[in-house]
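The next block holds one structure in the form of structure tokens; read it before the comments.
We count ligands from 1, going down the list as the structure has it; atoms in each ligand are counted the same way. If you read the sequence from its start, that first residue is 1, and numbering goes on from there.
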Amino acid sequence: MQFAEAKGARIPLIGLGTWDLRGRTCVHMVDQALRLGYRHIDTAEMYGNESEVGEGLRASGVDRNEVFVTTKVWPANFAPRDLEKSAKQSLAKLRLSEVDLLLLHWPNPNIPLADTLGALNRVKQAGLARHIGVSNFTVALINEAVRLSSEPLVCDQIEVHPFLDQSKVIAACRAHGMAVVAYSPIARGGAKSDKVLNRIGELYGKTAAQVCLRYLVQQGIVVIPRTSKDDRLKENFAIFDFVLSPAEMTEIGGLARRDGRVIDYSYSGSPNWD
Ligand SMILES: NC(=O)c1ccc[n+]([C@@H]2O[C@H](COP(=O)([O-])OP(=O)(O)OC[C@H]3O[C@@H](n4cnc5c(N)ncnc54)[C@H](OP(=O)(O)O)[C@@H]3O)[C@@H](O)[C@H]2O)c1
């Protein structure tokens, strides 16, 4: 297993994303992923599947200490007391005494970041999370968060894939020694029909999705692709036995386009999203 190292955290370069995996499917996919060798699972309180993620973890028989478990606090719970309660509820659902990484899921413009980070720091200091970090933070917010947090922030989890230029946020993470965790790393499946990724894949006997994921991990970016299919779990994991050339990396980097973002959302505090 290869890792991204950031401020004392060793994050496995590939993890299983679990957004939208529900019930028995979620238990099965987490169990199967761990049996196949995955050692990193990404969930969130908002996904409503933390109980199933914990169940899959126990079903796999893999030692808890070998698995890197991430969950996230929803921004409606960013007031300090709510955040502490949310972290405890996540642990109760997962049936774990601590998570490896606890993230602020989206920025919340309605609650002072200093207050939220103070609570996140306390949760870490109380031993409920081994590491803490953020998600969907812009360059300006990363800079502010790093200044306000006394405990190290180990990552920003953001949308990253070849069709979106995230170079500025990635540079800010690197400048602060933070890892980049790529969500929607195969652009919600969009990578599979891309001509360039398919052409390069043919040279290595790999699929377009594998080339897409390889492009990211080869830059030290952590990927958390999600699938509900056993064969794709294997496919997405088999990305460490080939190396893209510098020319191929440059060509894939050129696929970024203005409308490449697949997640078009920002938390406004509107009750519709709570
Ligand atoms: N922090 C945040 O705000 C945030 C936002 C979005 C996502 N995330 C996290 O990131 C994870 C991944 O992102 P995502 O779920 O948005 O998108 P993704 O992983 O880029 O794409 C998932 C989609 O691609 C398909 N797929 C998976 N492997 C494939 C392959 N090898 N070839 C072709 N299609 C494939 C899946 O369908 P099948 O099930 O049919 O395989 C699914 O429809 C999430 O599950 C979640 O854990 C975090």
Side-chain angles (χ1 to χ4, degrees), residues 11-23 25-26 28-30 32-33 36 38 40-50 52-53 56 68-76 78 90 94 99-108 132-138 141-142 155-164 166 169 173 179-194 197-198 201 205-217 221-239 260-267 273:
I11 310 176
L13 271 184
I14 184 157
L16 175 68
T18 67
W19 176 74
D20 211 23
L21 296 180
R22 304 264 161 190
T25 306
C26 182
H28 173 78
M29 297 314 291
V30 170
Q32 277 301 112
L36 281 171
Y38 284 71
H40 172 182
I41 309 290
D42 181 84
T43 182
E45 79 169 313
M46 191 273 263
Y47 301 168
N49 63 10
E50 288 168 313
E52 288 80 3
V53 166
F68 192 97
V69 179
T70 300
T71 196
K72 316 183 192 84
V73 183
W74 191 241
F78 279 7
S90 286
L94 286 158
V99 285
D100 296 275
L101 181 57
L102 183 66
L103 303 180
L104 302 180
H105 202 150
W106 285 88
N108 182 343
I132 55 173
V134 296
S135 179
N136 295 298
F137 272 40
T138 58
L141 279 170
I142 291 171
C155 80
D156 192 9
Q157 183 182 123
I158 51 172
E159 179 177 338
V160 192
H161 49 70
F163 312 116
L164 181 65
Q166 288 282 43
V169 191
C173 288
V180 176
V181 178
Y183 73 67
S184 307
I186 47 176
R188 290 253 157 112
K192 76 177 171 201
S193 52
D194 182 82
L197 298 176
N198 275 289
K206 295 287 178 183
T207 65
Q210 288 172 316
V211 172
C212 183
L213 293 171
R214 176 71 211 177
Y215 168 74
L216 299 173
V217 295
I221 295 174
V222 179
V223 295
I224 49 168
R226 177 224 349 160
T227 182
S228 54
K229 302 194 168 67
D230 287 357
D231 54 347
R232 285 181 171 167
L233 270 183
K234 277 193 201 142
E235 178 184 337
N236 295 344
F237 198 64
I239 55 170
R261 193 178 286 278
V262 295
I263 306 289
D264 182 15
Y265 172 70
S266 67
Y267 180 83
W273 287 99

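Annotation: atom 41 (O) of ligand 1 to nearest protein heavy atom, T227 OG1, 2.6 Å. Closest to atom 28 (N) of ligand 1 among all protein heavy atoms lies N236 ND2, 3.1 Å. Regarding atom 47 (O) of ligand 1, its nearest protein heavy-atom neighbour is D42 OD2, 2.7 Å. Residue, atom and distance of the protein heavy atom nearest to atom 39 (O) of ligand 1 are S228 OG, 2.6 Å.
Of all the atoms in ligand 1, the ones that sit under 4.0 Å from a non-hydrogen atom of A209 are 30 (C), 31 (N), 32 (N). Taking every non-hydrogen atom of I224 and a distance limit under 4.0 Å, the qualifying atoms of ligand 1 come out as 9 (C), 10 (O), 11 (C), 12 (C). Residue-ligand proximity, K192 to ligand 1, at heavy-atom distances under 4.0 Å covers atoms 33 (C). Atom numbering of ligand 1 starts at 1 in the shown order; those under 4.0 Å from a heavy atom of G189 are 21 (O), 23 (C), 24 (O).
At under 3.5 Å, not a single nitrogen or oxygen of K72, backbone or side chain, sits near a nitrogen or oxygen of ligand 1. Residue I263 places no N or O, backbone or side chain, under 3.5 Å from any N or O of ligand 1.
At a heavy-atom distance under 4.0 Å, only side-chain atoms of N136, from C-beta outward, approach ligand 1. Contacts between R232 and ligand 1, counted as non-hydrogen atom pairs separated by less than 4.0 Å, involve the side chain only. Only the side chain of S135 comes within 4.0 Å of ligand 1, counting heavy atoms alone; its backbone N, CA, C and O stay farther away. In A44, neither the side chain nor the backbone holds a heavy atom less than 4.0 Å from any atom of ligand 1. Contacts of R226 with ligand 1, taken as heavy-atom pairs under 4.0 Å, involve both backbone and side chain.
Between E50 and T71, the side chains place a donor N or O and an acceptor N or O closer than 3.5 Å (distance only, hydrogens not considered). Judged purely by distance below 3.5 Å, without hydrogens or angles, the side chains of Y183 and N136 pair a donor atom with an acceptor atom. Checking T70 against D100 by side-chain atom types alone, no donor-acceptor pair falls below 3.5 Å.
Crowding of D231 atom CG: a count of heavy atoms from other residues, nucleotides or ligands under 6.0 Å exceeding 12.
Residue Y47 places a heavy atom less than 4.0 Å from ligand 1.
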